[in-house]
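Take a look at the structure set out below.
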Amino acid sequence: MHPRVSLHQVALITEPTADFLDFCRSIGVQHCTLAAPCLQTKEARSAARESPVQIGCINHLFALHPDLERDTGKAAANLLGVIEVAAEVGAPAIYLLTGGRGALSWEAAAQRFADLLAPCRDAAQRAGIRLLVENASPLNADIHMAHTLPDAVRLARMAAIDVCVELHACWTESDLRGKLADAMPLAGLVQVSDYVLGDRSTPCRAVPGDGAIPLEAILCDVLDLGYTGLFDLELVGPRIEAEGPREACTRAARALSDMLDRLGA
């Protein structure tokens with residue numbers, strides 16, 4: 001298995017964290033992304049500390065209390081707790097969904113995000129942990145506000161943090177290589193999955209190689225642009241459930257590993 005392959009916990013989110021980590025180890029995956037809610041127990045954090053699988057990132061939903069407009073401090077308080085957990089389990093990064101905009105304009109919501117995040121950014125810097133914000137589908141507008149790669153980069157710069165590049169959410173954008181070139185200096189994680197044309201559910205991820213995204217060509221650009229980090233498989237949706245999450249994850253990890261080997265990553 002290529003050492004830069006990472007697996008996101010969302011595929012096996014109903015299983016204990018220890019079981020997910022054991023599964024990663026059993027298929028040869030050396031890194032993973034964990035979901036912050038799954039690290040609330042001492043048992044889960046102990047498993048994360050003791051596993052040979054390295055925690056490459058933690059996923060956290062920020063201002064869902066109820067959104068950026070109306071948050072009164074709970075978002076920052078919760079993220080400060082997740083930063084402590086990340087330090088405890090040795091995770092070098094946390095990637096965020098912002099929370100919805102409420103009635104704010106994009107620009108006002110972006111400034112609100114930056115203001116709410118400020119104490120967390122300082123705490124993360126002291127702990128040596130990168131904060132990232134991702135680009136995500138507009139169908140996630142209830143929990144996020146950056147729906148193109150340039151918007152995610154713009155938001156990250158306003159908040160003085162970094163970026164998680166979600167390829168599933170940006171592969172159809174024009175001048176993708178140019179946008180990736182702008183994002184790569186901030187990229188702390190690149191997320192990989194496929195999309196089968198005609199799928200209308202959300203989420204609607206597919207195993208790399210099963211769909212229409214020209215992943216190998218895009219990954220070639222990402223590598224050529226100097227990215228040296230992990231490639232995180234975020235697999236969720238009806239196709240993953242129908243195949244079986246463990247079977248789909250195993251096949252996806254091998255497919256991504258083979259791509260990275262061919263590309264000389």
Side-chain angles (χ1 to χ4, degrees), residues 10 33 35-36 57-80 82-83 93-125 130-191 193 195 200-205 213 218 222 225 232 234 236:
V10 68
T33 291
C57 197
I58 292 174
N59 170 219
H60 176 65
L61 306 182
F62 185 59
L64 304 184
H65 318 292
D67 53 33
L68 288 164
E69 179 186 18
R70 292 172 286 177
D71 186 86
T72 59
K74 191 172 181 180
N78 286 354
L79 180 53
L80 288 170
V82 175
I83 291 167
I94 301 167
Y95 88 84
L96 306 171
L97 275 77
T98 59
R101 286 163 45 181
L104 298 176
S105 68
W106 195 95
E107 291 75 13
Q111 187 59 57
R112 177 70 169 153
F113 174 70
D115 291 345
L116 290 173
L117 193 71
C120 306
R121 182 189 60 227
D122 296 342
Q125 288 175 345
R130 297 175 74 179
L131 297 180
L132 320 173
V133 63
E134 76 164 342
N135 55 304
S137 164
L139 295 175
N140 291 321
D142 59 326
I143 58 173
H144 195 56
M145 62 167 291
H147 306 300
T148 68
L149 186 53
D151 277 356
V153 171
R154 180 182 177 189
L155 183 59
R157 288 177 174 147
M158 288 181 68
I161 60 173
D162 294 316
V163 174
C164 168
V165 178
E166 170 55 274
L167 296 180
H168 193 274
C170 68
W171 72 278
T172 59
E173 294 182 22
S174 66
D175 186 26
L176 183 57
R177 182 182 169 94
K179 291 172 181 176
L180 288 168
D182 193 36
M184 280 307 109
L186 299 178
L189 190 67
V190 172
Q191 293 191 308
S193 59
Y195 171 71
R200 298 287 187 261
S201 67
T202 182
C204 55
R205 308 302 176 88
I213 302 180
I218 295 172
V222 168
L225 291 166
D232 188 47
E234 188 178 21
V236 62

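Quick caveat, the model's predicted, so the values are computed rather than measured. Both backbone and side-chain heavy atoms feed into the values below; hydrogens, waters and symmetry mates do not.
- Closest non-hydrogen pair, I213 versus S193, comes out as CD1-O, 3.5 Å.
- Partners of E134 by side chain to side chain donor-acceptor pair (under 3.5 Å), not counting sequence neighbours: none found.
- Take S137 and apply the side chain to side chain contact (heavy atoms under 4.5 Å, CB included) test, not counting sequence neighbours, and it matches L139, N140.
- Among pairs with a residue in residues 110-125, none fulfils salt bridge (charged side-chain N to carboxylate O under 4.0 Å, His left out), at least two apart in sequence or across chains.
- Between V163 and A152, the closest heavy-atom pair is CG2-O, 4.1 Å.
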> How far apart are the C-alpha atoms of R154 and D151, what are their side-chain angles, what is the distance that settles it, and do they pass the salt bridge (charged side-chain N to carboxylate O under 4.0 Å, His left out) test?
Replying inline: CA-CA 5 Å; R154 180 182 177 189; D151 277 356; 5.1 Å; no

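- Atom CG of D175 sits about 9.0 Å away from atom CG of L180, to the nearest 0.5 Å.
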>> Run C57 and L132 through side chain to side chain contact (heavy atoms under 4.5 Å, CB included) and show every step you take.
In response: CA-CA 10 Å; C57 197; L132 320 173; 4.3 Å; yes

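- Proximity of N59 to V10: side-chain heavy atoms (C-beta onward) are nowhere separated by under 4.5 Å.
- Between L186 and A156, the closest heavy-atom pair is CD1-CB, 4.3 Å.
- With sequence neighbours left out, T72 forms a side chain to side chain contact (heavy atoms under 4.5 Å, CB included) with no residue at all.
- S201 approaches P203 most closely through the heavy-atom pair OG-O, 3.0 Å.
- Contact annotation: the side chain of C164 never approaches that of D232 to less than 4.5 Å [non-hydrogen atoms, C-beta and beyond].
- One distance of note links OH of Y195 with OG1 of T172; it measures 10.0 Å at 0.5 Å rounding.
- For the atom pair NE2 (H168) and SG (C204), the distance works out to 4.5 Å, reported to the nearest 0.5 Å.
- In this structure, the salt bridge (Lys or Arg N to Asp or Glu O under 4.0 Å) partners of D162, at least two apart in sequence or on a different chain, are R130.
- To the nearest 0.5 angstrom, E234 atom CD is 4.0 Å from Y95 atom OH.
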> Do K74 and L64 pass the side chain to side chain contact (heavy atoms under 4.5 Å, CB included) test, and can you show the C-alpha distance, the side-chain angles, and the key distance before you say yes or no?
Replying inline: CA-CA 9 Å; K74 191 172 181 180; L64 304 184; over 6 Å; no

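- Within the structure, salt bridge (charged side-chain N to carboxylate O under 4.0 Å, His left out) pairs that include any residue of residues 179-188 comprise R157-D182, E173-K179 (at least two apart or interchain).
- Applying the ring-ring contact (aromatic ring centres under 6.0 Å, His included) test to every pair with at least one member in residues 140-161, sequence neighbours left out, gives these pairs: H144-H147.
- For A159, the side chain to side chain contact (heavy atoms under 4.5 Å, CB included) partners two or more places apart in sequence, or in a different chain, are F113, A114, L117, I161.
- By the side chain to side chain contact (heavy atoms under 4.5 Å, CB included) test, A110 pairs with W106, M145, L155, M158, sequence neighbours left out.
- Nearest heavy-atom pair across P119 and L80 is O-CD2, 4.0 Å.
- Considering L116, L97, V82 as possible partners of F62, the one that fulfils the side-chain contact (heavy atoms from CB on, under 4.5 Å) test is L116.
- Of the inter-residue distances, the one linking T98 atom OG1 with L68 atom CG reads 5.0 Å to the nearest 0.5 angstrom.
- Residue H60 holds its NE2 atom at 10.0 Å from CD1 of I58, rounded to the nearest 0.5 Å.
- Inter-residue side-chain proximity for L167 and I218 is flagged as met; some heavy-atom pair is nearer than 4.5 Å.
- Residues C120 and I83 come closest through the heavy atom pair O-CD1, 3.4 Å.
- Applying the side chain to side chain donor-acceptor pair (under 3.5 Å) test to N135 and every residue at least two apart in sequence or in another chain returns nothing.
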